[in-house]
Amino acid sequence: MSVTVQFCGAARTVTGSCHLFQTGAGRLLVDCGLFQGPKTLKALNYSKFPFHPADIDTVLLTHAHIDHSGLLPKLVRAGFRGRIMATRGTIDLCSYMLPDAGSIQESEVAMLNRRNATHGRAEVTPIYTQADAVASLAAFRAIDYETWFEAMPGVRARYWNAGHLLGSASIELEFAGAGAGGKPLRVLASGDIGPDAKLLQPDPEAPTGLDYVISESTYGDADRPPITPELRRQHLAAEVRAAHAANGPLLIPAFAVERTQELIVDLVDLMNRGEVPTAPIFLDSPLAIRATEVFRQHSSSFNTELNVDRLLRSPHLRPTESVVDSKAIAKFTGFHVIIAASGMCDAGRIRHHLKRWLWQKNATVLLTGFQAQGTLGRFLDDGAKAVRIQGAEVKVAARIRRIDEYSGHADGPELARWIATRRPIQRGVFLVHGEELALAGLSDRIAERIVPAAKVFIPILDDIYGLTTSAPTPIDVSHRRRLAPEAVVALDWHNDMSQLILDINDRIEAAADDRSRGVIIRKLRRALEAQD
Ligand SMILES: [Zn+2]
């Protein structure tokens, strides 16, 4: 039996996770994620899949995050008729997250169409609607961790707790008779791997003795100081006390699912113990409010001494479901806490709060996770003096802080150790799901030290490899790539443009007087004219 894998997403990018496995007997997907970040990548969400959805027998979903699950409603709408296998935790989260993603797409497209209409441009239809997302939920089937099941004829699969998010899994696959000497071909897809000592999740687990490992690389170039629950809480407490001392709000952009619940658990516990000043904690995200409910239902499964169910029901918490309640938060002054999505500030209600507070010195913004290139969160993290929000330029005077201890991802050494623990790995390690520096960083950590350098592969979007040979065999895909390789890795010109405008503003403001400002402007103008 021949087996191939096609990297249909998260290959030299950090979003859109999707691996297509094909045998003589059928096809299965591991994940079907939405592309996020740069516009060229996001455009792929609107174009056709690089396969026929009706030909896919099964989807194995590693976890609920939208960059892994977010194109499932489109897959179902485009003709997929198989089952989507996932853990109970993943299904419970997807039942809120996918409809939420559908309604975000509907409202984004409505806004875009209003703009298009004024410019006489054609209407755009959403990738899928909230109704499509609800319809796709019927395809989900629950499976247990560490239990084999038949994924499609000749292929069995088993899920392992990846310690990254409620319900998250690494997926072990066995292709009957396709390995050396008629043995099964064994493949492990990491999904996203959690860090050591994560608040609510156990450390990741997975099998050993594989032909191939496909590993995520999100933080492959990062080497964090060791994190303990005590250090994490001390750091958070220090940030909360500093925000209180500044006598303004503490804005926490956070992923609605898991990060928000971890922050609530720690914040409420610190308040209850008197380690930080007590204040209302506005939970300003309908999705986060629902996800908090799912976490309460699963609270007995969490790996913690804390009473998660009780902490998530604290009277300090003020869930603001409606837009009216959300807008009313703007009337608050002095110290209060606002937790809102999205974690990278590229969408969601956090943008209203940032617009209201970023220009004020007494406000604090606490970034709590990965900030992808091109997102507002990344600009803030990089120290931008001004940013654009909803078409308006907003000066940044607020204190911009970050806390890395809540990361949902293993760092470089933890990823390398996770890969090392899977040995022996006979044929190859594919590094996916990372930006360029992260992929190179993880490759440096494992090449020669953990597996021979010749067995480390960094595929690019739409690459196909044959897996049944003694080493992965690249198959020529030059005629069917969706994007040229340079376009996958290059930063979008939109991002370069925003950065350039911010830099020009910076320079002009920093100039000594109006005369020197005039000189800078004339020089820029000459450079432009030289291009004509
Ligand atoms: Zn994830």
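First listed ligand is number 1; within each ligand, the first listed atom is number 1. All values below were derived from every heavy atom in this structure, side-chain atoms included, with hydrogens, water molecules and symmetry-related copies excluded.
- Among heteroatoms of the N, O or S kind in H164, NE2 lies nearest the Zn ion (ligand 1).
- At a cut-off of 2.8 Å, D192 coordinates the Zn ion (ligand 1) through an N, O or S atom.
- Distance check for H63 against the Zn ion (ligand 1): an N/O/S atom falls below 2.8 Å.
- Among heteroatoms of the N, O or S kind in H65, ND1 lies nearest the Zn ion (ligand 1).
- Checked against the 6.0 Å centroid threshold, F302 and F295 count as a close aromatic pair.
- Aromatic ring centroids of H19 and H433 lie 6.0 Å or more apart.
- The six-membered or imidazole ring of F430 lies near that of F457, with a centre-to-centre distance under 6.0 Å.
- In summary, R156 and E150 do not engage in a salt bridge, as defined by a charged side-chain N under 4.0 Å from a carboxylate O.
- Note on D221 versus R445: no salt bridge recorded, every NZ/NE/NH1/NH2 to OD/OE distance being 4.0 Å or above.
- Residue H68 does not count as close to the Zn ion (ligand 1), with no N, O or S atom under 2.8 Å.
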